[in-house]
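Written out below as structure tokens is the structure these notes cover.
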2 protein chains.
Amino acid sequence: MAKKKFTYEYERPAVTTDCVVFGLDEDDLKILLIQRDIKPYEGQWALPGGFIKMGESVDDCAKRELHEETGLNNIYLEQLYTFGSPNRDPREQVITIAYFALVNLIDHRPQAATDARNAAWFAQDELPSLAFDHKEILAKAKQRLKGKLKYEPIGFELLPKKFTLTQMQHLYEIILETKIDKRNFRKKLLKLDILIETNEVEQDVARRAAKLYKFDQKKYNKLTKQGINFEI
Amino acid sequence: MAKKKFTYEYERPAVTTDCVVFGLDEDDLKILLIQRDIKPYEGQWALPGGFIKMGESVDDCAKRELHEETGLNNIYLEQLYTFGSPNRDPREQVITIAYFALVNLIDHRPQAATDARNAAWFAQDELPSLAFDHKEILAKAKQRLKGKLKYEPIGFELLPKKFTLTQMQHLYEIILETKIDKRNFRKKLLKLDILIETNEVEQDVARRAAKLYKFDQKKYNKLTKQGINFEI
DNA sequence: AAATCATAGTGTTTATTTTACACTTTAATC
DNA sequence: GATTAAAGTGTAAAATAAACACTATGATTT
């Protein structure tokens, strides 16, 4: 073991960040996990994350760990909740600030971890058992994702740059776990006026191809300044 | 200085909790601050809070610090956000998990701090300058309070056990910073069916006395299980 | 005892939003 | 040319939200 070097007057907990990364596959909401290569929980799957370094903000720590362990960069990332039960880590007291992230799996295909750790996407119904209290963190993240999706159109983060209205609707149906009426959904979404209709259509489909739309960031920013109101 | 006793392999940030306590006065939303008696920011006003102890959960730390510094106990307390910029404390890196709390000022009159520190309630428009990044934490708390009030009837936490509908309406008006129509407000609130009408009325008012109501915790619990939907 | 004051308490109408619902169009494939 | 699969589209009914003003009550004043 490396020699211990840092001394404090009072005992201190360790601090980590962990990240729940959601990605949308064809018809499934997937979660990115890494396989632990050290104790405790060696070999088990866990949320990507790790210890904070001095001089870095908590947000930066989450970004860095996510990049180091999964190769992901520049994706939607937001603080979720801080978990601080004294026994959540068997080694010692570890406080973790959990984040949740959204990535579109079409542009960011499942990637190998850069530091040789095993990383993989798991569907909801094929989740392995998770290390630490990560199951609890995941539950909180799912709850937050559901809640957020109703009031903010964060769905764009999970879709490719250009997408069809049906893709967007599927996304809502998968996350909210409910069927949505096609006409009503389109009416509401288009009324928000934050979509740009491109003059392209889907490619390589064996049926009538759907129009592709883009997200209009500028109009969306204006809208949020006035206080958005989007309830699906 | 006391001798330093705890040694770690890697440098660790200190961890604290801070608490934004809101209380409702006659016609003002007030915030509980304590005056710092040590450096840094000695003599300045700050949110109540302090360092986490080993073996205690983050939630427990918030409760304990709140009690030690303000005498408050058993009040509505919920985690707000974790602030972790590396320079938010001039001494060294300190990560703080911020909480927000609601108390009714009628039952919990402004109290002296138990540990001799100066504690006082401040109205929004007479806030002193705050230590650390506490102004930012306060802003986040206000934003959360507004947001929450719209979807959950947390107003009860700020009112005495028995209250009039007008008091509740004033609360909404003060926090949301908007005028609300009396008839529409009452209709909506009563339709939720989480109020119990007592057969008491206000005392000592020089006009027609209003009926007093109580919050029906049981019905409310049922309601939240089904997913509440209360938008004022 | 009557008048005054201050706020409690109460319903209806209109506008807006949400929901329910089914057929035609299009383009590729067989 | 028929088939297939999903795209795309509108209307009517129901529910909800918003706007709006007077009467009731009880204490205080004259």
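Predicted model only: the values in this text are computed from it and were never measured. In the text below, chain A, chain B and the rest are named by the order of the sequence lines, each starting its count at 1.
Nearest-nucleotide positions on DNA chain C for A:A206 and A:N184 put A:N184 closer to the 5' end. Between A:K187 and A:A209, it is A:A209 whose nearest contact on DNA chain D lies nearer the 5' terminus.
Residues A:N221 and A:K218 bring no donor and acceptor atom of their side chains to less than 3.5 Å of each other. Side-chain contact of A:E202 with A:T164: a donor-acceptor pair under 3.5 Å is absent, judged by distance alone.
Note: CG (A:D204) to P (C:dA28) measures 10 Å, nearest angstrom. Atom pair A:I180:CD1 and C:dA20:P shows a separation of 12 Å (rounding to whole Å applied). For B:L212 and C:dG9, the CG to C1' distance is 15 Å, given to the nearest whole Å. The nearest whole Å value for the distance from the CD atom in A:Q203 to the C1' atom in C:dA28 is 13 Å. With rounding to whole Å, B:R208 atom CZ is found 7 Å from D:dG26 atom P. Separating the NZ atom of B:K191 from the C1' atom of C:dG11 is a distance of 15 Å, rounded to the nearest angstrom. The distance between atom NE2 of A:H170 and atom C1' of D:dA5, rounded to the nearest whole Å, is 12 Å. Atom CG of A:D181 and atom C1' of D:dT9 are 12 Å apart (whole Å).
In this structure, B:A98 and B:I137 approach most closely via the heavy-atom pair CB-CG2, 3.7 Å.
Proximity note for B:R207 (side chain, C-beta onward) versus C:dC21, D:dA5, C:dA6: the nearest is C:dA6. You'll find that the side chain of B:R183 is closest to C:dT10, out of D:dA7, C:dT19, C:dT10.
A perpendicular orientation is assigned to the rings of A:F83 and A:Y81, their planes being inclined by more than 60° (bins at 30° and 60°). A tilted orientation is assigned to the rings of A:Y151 and B:Y151, their planes being inclined by 30° to 60°.
Using a 4.0 Å heavy-atom criterion, one finds that B:T164 contacts no nucleic acid atom at all. The residue B:K211 sits close only to the backbone: its heavy atoms come under 4.0 Å of sugar-phosphate atoms, none of a base.
For the pair A:R186 and D:dT9, the criterion of a side-chain N or O lying under 4.0 Å from OP1 or OP2 is not met.
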